[in-house]
J.: 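Provided herewith is a single structure, encoded as structure tokens, for subsequent inquiry.
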Protein chains: 2
Amino acid sequence: MIKNTDIFLREHGIKPSYQRKRIYEYLNEHRIHPTANDIYTALVGEIPTLSKATVYNTMNLFARCGLVDVIPIEGHEARFDPHPEAPHAHFRCTCCQKVYDVPLSFPEEAIEEALSQCQIDTFNINFTGVCKECLARNEA
Amino acid sequence: MIKNTDIFLREHGIKPSYQRKRIYEYLNEHRIHPTANDIYTALVGEIPTLSKATVYNTMNLFARCGLVDVIPIEGHEARFDPHPEAPHAHFRCTCCQKVYDVPLSFPEEAIEEALSQCQIDTFNINFTGVCKECLARNEA
DNA sequence: GTCTCTGCAAATCGTTTGCAATGCT
DNA sequence: AGCATTGCAAACGATTTGCAGAGAC
């Protein structure tokens, strides 16, 4: 598995340092759309010298190389999403602050029609509200 | 027209100070989804004592009272949108940095299906790319 | 040995807040 | 007079950057 991360990073032109490997593995193992601080907090126990600067630099590198998306969702911190094959939306629960993936996409034609003649590079769809779990907990 | 702004603000429980009126009028006259800094720069000539703090405080007040939406779109600055009746998407041109309205919405049923049992409070849809004008200019 | 990566600390940028001065009723 | 609003300046929180030391090839 570690070997795979190595190869994967190299394939994307990223030199696989220990920090970069562990950050990438964390992203893949914890699909919670973590903030930079989440990543730092999770890994600093294991890599005591880790600095937030490295986390930020690494995430920017990953984003530049197309390994992760930065998802602009309400709230002051950026959240990162390992680049998924299938386009999907995000739902942020304003109660527990978790960000969920939502399998939802536009019909191509609708986009074509609304944005004809424009070059579309990225798109993202965000919902906010209260998730099932929080609704249930609050009703109890 | 000025009278109308007065009444409109009062109807939303906002005391219509000169600054607030001018900021609201600016938002309505310039539907470019301005940043706080855009608003400040545009109005400080006319209101020399205006401070950014007042712009931020006013935008937060407007947002709390439902007069404007804050649109979370890639980029480090918040952008404001006078609350529109019809839901619509946004398209940000990475070339000229303008943010356009896009008349596009999900079929209700698709949302229901994907997010059943959740309480949905807000949603927003953002595209980034290059707009018609910039494409034309760059090809020339 | 060179070139890259890390990580501290300081800088930066957007935004918020404390508070005294001002304005409105 | 009494309460709300303004606007300066300082505080803040997330992110970026300069740079010296550590590490990789």
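The sequence lines fix the lettering, A, B, ..., with proteins before strands; numbering per chain opens at 1.
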J.: Return the set of residues passing side chain to side chain donor-acceptor pair (under 3.5 Å) with B:S17 (not counting sequence neighbours), or none when no residue passes.
T.: none
J.: Listed by chain and number, what are the side-chain contact (heavy atoms from CB on, under 4.5 Å) partners of A:P72, not counting sequence neighbours?
T.: A:N124, B:E74
J.: Taking only residues at least two apart or on different chains, which pairs with a member in residues 122-132 of chain B satisfy salt bridge (Lys or Arg N to Asp or Glu O under 4.0 Å)?
T.: none
J.: Reading nucleotides 10-25 of chain D 5' to 3', which nucleotides get B (base under 4.0 Å from a protein heavy atom), which S (sugar-phosphate only), which -?
T.: ----SBBB--------
J.: Tell me whether the OP1 or OP2 atom of C:dG23 has a side-chain N or O from B:S17 closer than 4.0 Å.
T.: no
J.: Could I get the full list of side-chain contact (heavy atoms from CB on, under 4.5 Å) partners for B:K15, not counting sequence neighbours?
T.: B:R20
J.: For B:Y56, give me all partners under side-chain contact (heavy atoms from CB on, under 4.5 Å), at least two apart in sequence or on another chain.
T.: B:A36, B:K52
J.: Does B:E46 have any side-chain contact (heavy atoms from CB on, under 4.5 Å) partners at least two apart in sequence or in another chain, and if so, which?
T.: B:Y18, B:R22, B:L43
J.: Which is true for B:T54 with a 4.0 Å heavy-atom rule: it touches a base, it touches only sugar-phosphate, or it touches nothing?
T.: base
J.: Which ones in residues 44-51 of chain B lie close to DNA chain D, meaning a heavy atom under 4.0 Å from one of its atoms?
T.: B:T49, B:L50, B:S51
J.: Looking only at side-chain N and O atoms, does B:Q19 come under 4.0 Å of OP1 or OP2 in C:dG23?
T.: no
J.: Taking only residues two or more places apart in sequence or in another chain, which ones pass side chain to side chain donor-acceptor pair (under 3.5 Å) with B:Q119?
T.: B:D121
